Amino acid sequence: MSRYDPSVIEPKWQSAWDKAQTFRATRDGDKPKYYVLEMFPYPSGRIHIGHVRNYTMGDVIARYKLSTGHNVLHPMGFDAFGMPAENAAMKSGGHPKTWTYENIDTMVEQMKPLGFGLDWSRMFATCDPEYYGQQQALFLDFLEAGLVYRKNAIVNWDPVDMTVLANEQVIDGKGWRSGADVERRELTQWFFKISGMAGELLDAIDSLDEWPAKVKLMQQNWIGKSRGLQFAWDLTEPTHGHDKIEVYTTRPDTLMGASFLGLSPDHPLTKALEADNPDLAAAVAEMRRGGTTEEALEKAEKLGFDTGLKVQHPLDPSWEIPVWVANFILMDYGTGAIFACPAHDQRDLDFCRKYDLPVIDTFRALENGTPVENEAFVPLKTEKVRWLNHFAGLDVATGQEAVDTTIDWMQAKGLGEGVEKFRLRDWGLSRQRYWGCPIPIVYCDTCGVVPEKKENLPIALPFDNGNEEIDFSVPGNPLDRHPTWRDCACPKCGAPAKRETDTMDTFVDSSWYYARFTAPRAETPTDPDEANYWMNVDQYIGGIEHAILHLLYSRFFARGMIKTGHLPETAAEPFNALFTQGMVTHAIFQTTGKDGRPVYHYPEDVDLRDGKGFLNDGTEVTIVPSAKMSKSKNNVVDPMHIIAQYGADTARWFVLSDSPPERDVEWTASGAEAAHKHLSRVYRVAAEAAASDAPGNDHDTALLKEMHKAIFDVTQGVESFGFNASIAKLYAFTNTVAKSKAGSAAKREAVKTLVHLMSPMTPHLAEEVWSMLGGEGLIANAPWPVADEKMLVEDSVTLPIQINGKRRGEITVAKDLDKAEVERQALAHEAVQRALDGATPKKVIVVPGRIVNVVV
RNA sequence: GCAGGUGUGGCGGAACGGUAGACGCGGCGGAUUCAAAAUCCGCUUCCCGAAAGGGAGUGUGGGUUCGAUUCCCACCACCUGUACCA
């Protein structure tokens with residue numbers, strides 16, 4: 001009898017699928033279409049076990065849908081622009097393009113042996129000029145449709161390297177290479193007008209029935225709709241052309257608790273004052289130190305500077321409050337100015353205590369309300385509180401009632417306006433980098449800012465132009481330094497002009513690739529027929545880290561593409577269903593070095609015994625379980641080693657088996673070995689069944705009944721992303737088949753069904769066994785088994801009996817036995833009799849088919 | 001800081017408000033073997049007990065319920081995002 005040898009059978013079936021073009025996406029017949037897409041990878045160099053898990057999940061769905069009669073589109077590509085390629089060029093020389101395409105080749109070579117049912121003919125990388133040229137066409141159409149504009153934005157500036165830094169290049173407020181203190185600086189940048197769609201993007205979330213609730217909630221909070229009051233405070237003395245300061249507040253009801261008026265360091269008035277007030281300029285410079293992330297801004301120590309200006313309270317002109325500049329006020333939100341009410345906002349309170357500003361309560365708790373000391377009183381807006389001195393005459397009311405009343409009252413008096421605002425900011429797409437999609441804009445001395453003509457696209461990066469003089473030896477944007485690339489003719493007047501040297505944010509690349517996959521070689525961004533047929537993505541799969549930005553930008557882009565005629569109206573929400581999968585983790589094995597620092601050891605150097613790990617020389621290592629895989633911790637598992645050792649099917653089986661797909665899974669050597677043992681067992685059981693000639697007997701029905709239960713359970717698992725549950729059932733069913741004394745015909749049927757149910761996860765093994773047992777054609781194309789409902793019915797049921805909620809016994813009764821009889825039998829049970837000791841039960845709860853609980 | 005999530009045996013994890021620990025790993029015992037590997041069979045939450053049985057138990061502390069891993073409140077720890085990492 002032959003043994004299970006994945007190194008022989010896997011290449012064999014891969015070439016069989018290739019030959020039959022099994023996974024080529026086609027629009028044939030009247031079959032329904034199904035588009036399954038996994039978030040495409042960044043070409044970092046090698047595939048990661050996390051990729052294996054991600055693509056295996058997609059492959060299970062793709063193969064399952066193929067066998068349930070769908071035309072399936074399951075493509076693969078690469079998100080290939082971005083900083084790591086430039087970093088590699090800076091570090092080791094060479095060119096980002098060479099590095100990127102070499103990495104792509106390697107990764108494709110590594111993915112093919114995994115046997116994914118992908119339509120490789122559609123592959124592209126976002127750095128292909130054929131792709132980014134179409135992206136430039138989209139940009140021009142978006143510009144024409146009013147979805148793109150220019151304004152100033154704040155960036156991380158490294159004053160030593162004289163360059164813009166990405167957030168991840170700012171470490172503790174310092175530039176990662178220069179170590180210099182990073183400053184926040186303004187630059188003119190291109191923006192997508194996503195804020196104009198904020199309301200629509202928010203409302204449409206409700207229609208995303210097959211998205212995880214957590215992702216929808218995160219997007220809702222990110223868009224952040226609020227209703228508040230916008231109104232002005234008059235300056236007691238006009239200055240620098242300002243006679244009042246506009247503020248926006250979501251808590252206008254606390255107006256009588258105003259302590260000071262706060263300006264953002266980037267507010268126009270702040271900038272005006274800075275010019276002739278050196279002390280203020282110095283304070284603001286201090287406030288502008290550090291990175292631009294929201295986290296850095298929020299966690300920074302609260303700093304303030306008294307401008308000396310005063311404003312009049314809108315309800316009482318004799319009440320003047322000071323104007324401060326404060327570093328925690330964001331220019332991007334509202335009007336860049338606030339009034340502070342320290343009694344009901346912890347941040348304001350901390351600031352007022354630090355700078356000795358007044359704290360005035362406006363409301364207190366209904367019971368035991370005490371004045372605010374060092375903890376702001378911030379009840380839920382739905383909670384009733386007692387107002388101390390409310391101008392609109394409120395006494396006891398909730399915060400929400402007070403806000404509404406105040407807005408109405410202020411509006412009626414003409415003192416302000418109720419407005420809706422969103423937290424969502426416009427999407428800045430300009431990057432001062434080389435390895436990205438050039439922004440197709442030309443600056444002409446006479447014509448100004450001119451969009452490039454479509455017939456001149458793609459505006460290719462200098463390397464793609466055949467001009468390779470790219471210099472990464474100094475920081476900054478090589479396009480900006482390139483001797484000739486930026487020189488061009490003005491598309492409008494033909495005079496010599498200069499190109500935009502900024503490239504696009506890589507989020508742009510990934511915001512429409514799903515649409516491009518429907519017609520990857522089209523001469524326009526999309527082909528209407530193909531887009532109409534294949535859109536939307538029926539199932540999108542990727543990491544939770546993309547829950548907000550990538551998915552929100554894609555939703556925006558789909559709408560923009562509808563507006564510009566590149567997608568049908570029905571594609572406004574491009575992803576019908578979303579699934580967010582967890583990471584693959586691995587233990588870290590560490591010892592302590594002589595210098596006291598941790599030393600990390602590769603898994604292959606560690607011998608595991610009884611839950612402890614030892615090095616070759618007998619040194620025990622500390623095991624840190626379930627850590628994110630990271631090269632620096634030496635706990636990365638290379639899928640290629642696993643394939644060499646056990647085969648692709650084992651790797652696929654294991655990444656699905658041990659954890660629910662949305663959760664992290666820990667890779668363990670013993671788990672991988674167990675998966676391999678199980679696949680060998682299936683092969684053995686199949687070979688035995690193939691060789692057996694046992695006659696049919698009275699065990700046949702029991703086996704076939706179990707088979708139909710397995711069909712039902714496994715199918716349900718696959719349909720609901722419960723792959724680990726499907727696999728648990730498949731383990732159990734394998735056990736049943738192996739132990740069954742049924743005849744050979746029934747056994748062969750059971751084994752064929754077993755491997756059919758396994759085929760989305762372990763497709764090579766399934767094909768091999770299928771052909772061994774005389775299955776017709778490829779199992780990949782065979783129709784999915786259907787459970788016979790008659791075989792699922794059980795006629796009796798075992799009910800646990802609880803006494804006071806604790807399980808004390810069980811009874812087996814006919815499935816539809818009536819409640820009174822179940823109760824009678826339960827009470828007759830010896831454990832119940834013992835517990836009752838002659839008394840009558842206080843209560844008996846009978847849940848039909850479930851449980852009996854006797855309360856004594 | 002803010003937003004979202006997660007927390008169950010020695011380990012990964014299972015459980016429409018209804019038998020907590022399915023399935024797998026590890027461990028223990030047995031079969032097979034000259035022996036081993038491989039394979040097969042059984043046991044395995046913890047504590048007390050020879051057993052029958054009893055007690056405890058799903059991050060912590062409360063609450064709702066006949067019954068809570070599941071629902072509610074407060075807290076702790078970890079993970080993800082935080083708009084220029086992708």
Side-chain angles (χ1 to χ4, degrees), chain A residues 39 41-42 44 79 81-84 153 155-156 164-170 189 194 212-215 217-222 224 291-300 328 332 346-347 423-433 505-507 509-510 543-550 552-553 580 582-583 585 587 608 610-611 625-626 628 654 657-660 662-668 670-671 673-675 677-678 680-681 684 724-725 727-732 735 738-739 798-802 804-810 842-845 847 849-855:
Chain A
M39 290 180 186
Y42 181 79
S44 55
D79 189 12
F81 275 135
M83 295 201 310
V155 296
N156 301 304
V164 177
L165 298 180
N167 285 332
E168 70 161 7
Q169 297 173 323
V170 179
Q189 311 253 281
I194 191 173
K214 63 182 172 188
V215 174
L217 190 55
M218 281 188 257
Q219 292 222 352
Q220 282 163 349
N221 291 340
W222 184 262
T292 56
T293 65
E294 191 186 272
E295 185 188 3
L297 297 173
E298 288 277 345
K299 281 182 163 172
F328 62 84
D332 286 318
Q346 191 61 42
R347 199 167 48 179
R423 204 185 78 99
L424 180 66
R425 307 198 297 256
D426 278 332
W427 171 12
L429 66 108
S430 302
R431 297 291 181 271
Q432 295 70 46
R433 280 184 250 291
D505 177 8
T506 55
F507 272 125
D509 312 337
S510 55
I544 187 71
E545 65 272 20
H546 294 295
I548 297 175
L549 293 179
H550 162 62
L552 190 62
Y553 291 158
T580 56
M583 294 181 300
T585 62
L608 290 171
D610 296 353
S626 305
K628 197 198 317 192
F654 179 71
S657 66
D658 256 24
S659 252
E662 68 274 17
R663 290 251 290 268
D664 294 350
V665 64
E666 172 147 340
W667 183 278
T668 58
S670 57
E673 190 171 341
K677 276 187 188 170
H678 179 257
S680 304
R681 186 185 191 204
R684 215 164 37 239
N724 58 322
I727 284 181
K729 185 68 198 177
L730 286 165
Y731 268 111
N735 225 353
K739 290 180 187 176
T798 300
L799 296 179
I801 296 172
Q802 294 185 330
N804 293 339
K806 277 273 172 195
R807 185 183 180 281
R808 286 293 181 259
E810 59 182 36
K842 284 204 190 104
K843 199 169 179 180
V844 181
I845 292 122
V847 184
R850 278 277 169 205
I851 204 165
V852 181
N853 188 12
V854 182
V855 185

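Naming: A, B, ... by sequence-line order, numbering from 1 per chain. FYI, side chains are in, hydrogens and waters are out, and symmetry mates aren't considered; it's all heavy atoms of this structure. Computed from a predicted structure; not experimentally measured.
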*For the side chain of A:Glu810, counting heavy atoms from C-beta on, which of B:A83, B:G13, B:U19 is nearest?*
B:U19

*asked:* If I take atom CD in residue A:Glu295 and atom P in nucleotide B:G4, what distance separates them, rounded to the nearest angstrom?
replied: 16 Å

*For A:Leu730, answer base if it contacts any base atom (sugar-phosphate contacts may also be present), sugar-phosphate if it contacts only those atoms, and nothing otherwise; contact means non-hydrogen atoms under 4.0 Å.*
nothing

*For A:Phe507, which contact category applies under a 4.0 Å heavy-atom criterion: base, sugar-phosphate, or nothing?*
base

*Could you state the atom-to-atom distance from NZ of A:Lys843 to C1' of B:G67 in whole Å?*
10 Å

*Between B:U32 and B:C40, how far apart are the C1' atoms? Round to whole Å, please.*
8 Å

*asked:* Tell me which nucleotide, if any, is Watson-Crick or G-U wobble paired with B:A51 when both distances must be under 3.5 Å.
replied: none

_SB check A:Glu294 A:Arg425 (cutoff 4.0 Å)_ = no

*Hey, does A:Asn804 reach any base, or is it just sugar-phosphate, or nothing, if we go heavy atoms under 4.0 Å?*
nothing

*Contact class for A:Ala674 (heavy atom, under 4.0 Å): base, sugar-phosphate, or nothing?*
sugar-phosphate

*Look at the side-chain N and O atoms of A:Arg431 and state whether any lies under 4.0 Å from the OP1 or OP2 oxygen of B:C84.*
yes

*Just call it for A:Gly82: base, sugar-phosphate, or nothing, with non-hydrogen atoms closer than 4.0 Å on any strand.*
sugar-phosphate

_So A:Gln169, base contact, sugar-phosphate only, or nothing? Heavy-atom distance under 4.0 Å._
nothing

*Kindly assign one of parallel, tilted or perpendicular to the pair A:Trp427 and A:Tyr553, based on the angle between their ring planes and the thresholds 30° and 60°.*
parallel

*For B:C72 and B:G17, measure between their P atoms and round to the nearest Å.*
12 Å

*Does B:G9 fall in syn (glycosidic angle within 90° of 0) or anti?*
syn

_Between B:C84 and A:Gln432, counting only base atoms on the nucleotide and side-chain atoms on the residue, is there a donor-acceptor pair under 3.5 Å?_
yes

*Scan A:Ile845 against the nucleic acid and name what it touches under 4.0 Å (heavy atoms): base, sugar-phosphate only, or nothing.*
base

*Report which part of the nucleic acid A:Lys299 touches: base, sugar-phosphate, or nothing (heavy-atom distance under 4.0 Å, all strands).*
base

*Go through B:G13, B:A22, B:C16 for me and flag the one nearest to the A:Arg850 side chain.*
B:C16

*Interatomic distance at C1', B:C23 relative to B:G62, whole Å*: 35 Å

*Within the structure shown, what part of the strands sits under 4.0 Å from A:Gln189 by heavy-atom distance: base, sugar-phosphate, or nothing?*
base

_Whether the side chain of A:Asn167 and the base of B:C84 hold a donor-acceptor pair under 3.5 Å is what I'd like checked._
no

*According to a strict under-4.0 Å criterion, is A:Lys739 in side-chain N/O contact with OP1 or OP2 of B:G42?*
yes

*asked:* If I take atom CD1 from residue A:Ile801 and atom CD1 from residue A:Ile851, how far apart are they, to the nearest 0.5 angstrom?
replied: 10.0 Å

_Need one value for A:Val155: base, sugar-phosphate or nothing, where a base atom within 4.0 Å counts as base even if backbone is also close, heavy atoms only._
base

*Are A:Arg433 and B:A86 close enough that a side-chain N or O sits under 4.0 Å from OP1 or OP2?*
no

*Could you tell me whether the phosphate oxygens of B:C84, OP1 or OP2, come under 4.0 Å of any side-chain nitrogen or oxygen in A:Asn156?*
no

*Touch check for A:His546, heavy atoms < 4.0 angstrom, all strands: base, sugar-phosphate only, or nothing?*
base

*Just checking A:Val847: base, sugar-phosphate only, or nothing, at a heavy-atom cut-off of under 4.0 Å?*
base

*Where the side chain of A:Tyr42 is defined as all heavy atoms beyond and including C-beta, which of B:G5, B:A86, B:G18 is the nearest nucleotide?*
B:A86

*asked:* By the 4.0 Å heavy-atom rule, please label A:Ser510 as base, sugar-phosphate, or nothing.
replied: nothing

*Hey, is the side chain of A:Glu545 pairing donor to acceptor with the base of B:C85 inside 3.5 Å?*
no

*Among B:A14, B:A20, B:A83, find the nucleotide with the atom closest to the side chain of A:Pro660.*
B:A14

_What's the gap between B:A56 and B:C41 when it is taken at their P atoms, as a whole Å value?_
37 Å

_Nearest heavy atom decides the nucleotide; on that basis, is A:Ile548 or A:Val215 closer to the 5' end of RNA chain B?_
A:Val215

*In whole Å, what separates the P atom of B:G67 from that of B:G18?*
14 Å

*So, A:Asp426 side chain and A:Ile194 main chain: donor-acceptor pair closer than 3.5 Å or not?*
yes

*Could you tell me whether A:Trp427 contacts a base, only the sugar-phosphate backbone, or nothing, with contacts defined as non-hydrogen atoms closer than 4.0 Å?*
nothing

*Using the C1' atoms only, state how far B:C25 lies from B:U45, rounded to an integer number of Å.*
16 Å

_Given RNA chain B, 5'-ward residue of the pair A:Asn724 and A:Asp79, judged by closest heavy atom_ = A:Asn724

